[in-house]
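Below: the structure, in structure tokens.
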Amino acid sequence: MIDNDIQNKDSKLHIDPRTVLWKRVMDMNDRSLRNIITGLGGKTGGFLRETGFNITAASEVMAILCLAEDFEDLKTRLGNIYIGDTFDGKPVFARDLHAEGAMAVLLKDAIKPNLAQTLEGNPAIIHGGPFANIAQGTNSVLATKMALSLADYTVTEAGFGADLGAEKFFNIKCRSAKISPQAVVIVATVRALKYHGGVSLKNLEEENIKALEEGVQNLDKHLDTIEHFGIPAVVAINHFSTDTEAEINWLLDYCKQKGVRVAVSDGWAKGSEGTEELAQEVVAAVESCKQNFKPIYEVSESIEDKILKVSKAVYGAQQIELSKRAKSQLKRFTQLGFDQLPVCIAKTQKSLSDDDTLIGRPKDFSIHIREFEVASGAGFIIPIAGNMLRMPGLPSNPAANGIDIDQNGEISGLS
Amino acid sequence: MSTDIEIAHSVTPQPIQEIAQKAGINPEELELYGKDKAKIPLSFLNPDKQKEGKLVLVAAITPTPSGEGKTTASIGLTDGLNRIGKQAIVALREPSLGPVFGMKGGAAGGGYSQVIPMVDINLHFTGDFNAVEKANNL
């Protein structure tokens, strides 16, 4: 509809094609579509324009679908999508193109939560899939509310580490949906903690308590973060067959000495038999929870203050630094009234900092905001710290190489 | 050792109507997508019950290439809660096809803590991603 409006000589909008931010999406990794030129083919092919594709999970429509409370809210949010500017520098929204009604029609079934089951025959609601860096990284609000409507306990997850997933779960999703968890489970593995303690990937199967002692600082930081939100935490040690008894016991003792609830989670090998103890710890944590979560910031604060508060409390940074470009964008966003939105900071998931080589619990670092994007429909500002790929490529040996189907329709290689 | 897909296929899914009944949904009101997938009408949202329901968030330490298993732990915890007599539902994200065919793999859990039908969930499932794509590209 955007390119069609640009093509239409009678249109009153006068969209400047050079300013259009809205990209097409598809659900496959394809790096060669990241940057493309559209509108080839002369007059009938439209105006030449530099654009690109994102992966569907990175679409603002996905973020909106996952925050919408009902059709009315869905349409309002879709209409609020900022797509670019006019030749006079005025912002253009999806509602100016009257796109939101038709978009909502296309989402009429997608808005309803999907029901499936676990291997043990318990209900599973699987719905929505936004990215956890440039979006909120958790299933739809409607799925969570549906589960809460149907069950005594709802278990949900947030993408990447607690610095990204849990922070956005609280500050964006819970704030928007007016919900609050009664317990947070932090999944840790002996292998990953040893990796944070400096052990290389190929040596992770060797027992190494010393590395565990060093790497456990990463877990400490995430536990501190959850404490900031005021919700009780439970550590789930996801058991791998290569973990030694000494390592598991060390980690159990470490958590217990800190006064943190902890249990080994062995659902991978044993199903629910391996998670009974974890379930009991979680029930105890839920019953001990006396309050709703405390947000790290208020939306009425300045964008810079919001970023600073998250950077300090959640990442453990000293300060934030904004590029010249980011500062000038900030001025414009404030003029447009976007400064009253929560922030959805896009940074690497591999480190608490914005430098993915800094594993463990980095100290004395700054968070560098290179630029901003706005998801005014979803309802957040995206400060970008580092390089964010919204259209991934396939690796040199993709999983697709090992995926097959035989004459009887039996599929292999999916994991 | 069995692969995830072998374990997933070793279990025959219960008819989705039976799963719905466990969640207190009248099977006749369910919108069926085959035998083992369905959409739940929004009329089953219940604001009073939502306030009473307990919400548990599963998060993780900083990810490493060795994998942490948040989805596996979430599914395992849900089965564990049901095992100790608490009525629990797991709410998860739908996998994206990019990672399924790229590097990370699917997002339906692993080992004996998986959601099924695992192949469908990892592929087109109920077409939600397709609808988002079309709405975005309109």
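Looking at A:Ser140, there are no atoms closer than 4.5 Å to chain B (heavy atoms on both sides), in backbone or side chain. In this structure, chain B has heavy atoms under 4.5 Å from both the backbone and the side chain of A:Leu278. Both the backbone and the side chain of A:Thr118 come within contact range of chain B, with heavy atoms under 4.5 Å apart. Of the atoms belonging to B:Ala20, heavy atoms from both backbone and side chain fall under 4.5 Å from chain A. For A:Ile55, the part sitting under 4.5 Å from any heavy atom of chain B is the side chain, from C-beta outward, and nothing else. Residue contact with chain B, scored on non-hydrogen atoms closer than 4.5 Å, involves the side chain of A:Leu201 exclusively. When heavy atoms are compared at a cutoff of 4.5 Å, A:Ile126 approaches chain B by way of both its backbone and its side chain. The contact between B:Thr62 and chain A is made by backbone and side chain atoms together, counting heavy-atom distances below 4.5 Å. Only the backbone of A:Ala269 comes within less than 4.5 Å of a heavy atom of chain B; no side-chain atom from C-beta onward does. Looking at B:Thr12, neither its backbone nor its side chain comes within 4.5 Å of chain A, counting heavy atoms on both sides. Looking at A:Ile111, both its backbone and its side chain come within 4.5 Å of chain B, counting heavy atoms on both sides. Proximity to chain A is limited to the side chain of B:Ile25, based on heavy atoms less than 4.5 angstrom apart. In this structure, chain A has a heavy atom under 4.5 Å from the side chain of B:Asp4, while its backbone stays farther away. For B:Glu31, the part lying under 4.5 angstrom from a heavy atom of chain A is the side chain only. Only the side chain of A:Val282 comes within contact range of chain B, judged by heavy atoms closer than 4.5 Å. Only the side chain of B:Ile84 comes within less than 4.5 Å of a heavy atom in chain A; its backbone stays farther off. Only the side chain of B:Val11 comes within less than 4.5 Å of a heavy atom in chain A; its backbone stays farther off. The contact between A:Ser180 and chain B is made entirely by backbone atoms, counting heavy-atom distances below 4.5 Å.
In this structure, B:Lys86 and A:Asp152 have side chains that are not in contact, with every pair of non-hydrogen atoms separated by 4.5 Å or more. Between B:Glu133 and A:Ser59, every side-chain heavy-atom pair lies at or beyond the 4.5 Å cut-off. No side-chain heavy atom of B:Ser96 sits less than 4.5 Å from a side-chain heavy atom of A:Asn29. Side-chain contact between A:Leu106 and B:Leu138 is present, with at least one heavy-atom pair separated by less than 4.5 Å. A:Asp109 has its side chain out of reach of B:Thr126: every pair of non-hydrogen atoms, C-beta onward, lies at least 4.5 Å apart. At least one side-chain heavy atom of B:Phe44 sits less than 4.5 Å from a side-chain heavy atom of A:Met146. Between B:Ile40 and A:Lys112 there is no side-chain heavy-atom pair separated by less than 4.5 Å. At least one side-chain heavy atom of B:Phe129 sits less than 4.5 Å from a side-chain heavy atom of A:Met62.
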Evaluate the criterion side chain to side chain contact (heavy atoms under 4.5 Å, CB included) for residue pair A:Gln117 and B:Val115; output intermediate values, then yes/no. CA-CA 6 Å; A:Gln117 62 191 289; B:Val115 281; over 6 Å; no
Stepwise side chain to side chain contact (heavy atoms under 4.5 Å, CB included) check, A:Val25 with B:Asn137: CA-CA 7 Å; A:Val25 299; B:Asn137 295 348; 3.9 Å; yes
Hey, mind stepping through B:Asn136 and A:Trp22 against side chain to side chain contact (heavy atoms under 4.5 Å, CB included) and telling me if it holds? CA-CA 9 Å; B:Asn136 181 100; A:Trp22 194 248; 2.9 Å; yes
Apply side chain to side chain contact (heavy atoms under 4.5 Å, CB included) to the pair A:Ile411 and B:Ile5, showing each step before the final yes or no. CA-CA 8 Å; A:Ile411 292 167; B:Ile5 193 165; 4.0 Å; yes
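Salt bridge B:Arg83/A:Glu276: present, at least one basic N to carboxylate O contact under 4.0 Å.
In this structure, B:Glu94 contributes its side chain and A:Gly128 its backbone to a donor-acceptor pair below 3.5 Å. Within the 3.5 Å criterion, the main-chain N or O of B:Glu68 finds a donor-acceptor partner in the side chain of A:Asn238. A donor-acceptor contact shorter than 3.5 Å links the side chain of B:Lys70 to the backbone of A:Phe160. No donor-acceptor pair closer than 3.5 Å links the side chain of A:His127 to the backbone N or O of B:Ala91. In this structure, the side chain of A:Asp27 engages the main chain of B:Leu97 through a donor-acceptor pair within 3.5 Å. Using a distance-only test at 3.5 Å, with no hydrogens or angles considered, a donor-acceptor pair links the side chain of A:Ser149 to the main chain of B:Asn46. No side-chain donor-acceptor contact under 3.5 Å links A:Ser272 to the backbone of B:Gly80.
The CD atom of A:Glu69 sits 11.0 Å away from atom CG of B:Leu42, with the distance rounded to the nearest 0.5 Å. Between the CG atom of B:Leu123 and the CG atom of A:Leu414 there is a distance of 5.5 Å, given to the nearest 0.5 Å.
Partners of B:Phe125 by ring pair (Phe, Tyr, Trp, His ring centres under 6.0 Å), not counting sequence neighbours: none found.
Heavy-atom minimum distance, B:Thr64 versus A:Ala192: OG1-CB, 3.6 Å. Between A:Ala279 and B:Leu77 the shortest heavy-atom distance is CA-CD1, 3.7 Å.
Scanning residues 50-60 of chain B against chain A with a 4.5 Å non-hydrogen threshold yields B:Gln50, B:Gly53, B:Lys54, B:Leu55, B:Val56, B:Leu57, B:Val58, B:Ala59, B:Ala60, sorted by number.
The only member of A:Val187, A:Asp220, A:Leu193 that meets side chain to side chain contact (heavy atoms under 4.5 Å, CB included) when paired with B:Ile61 is A:Leu193.
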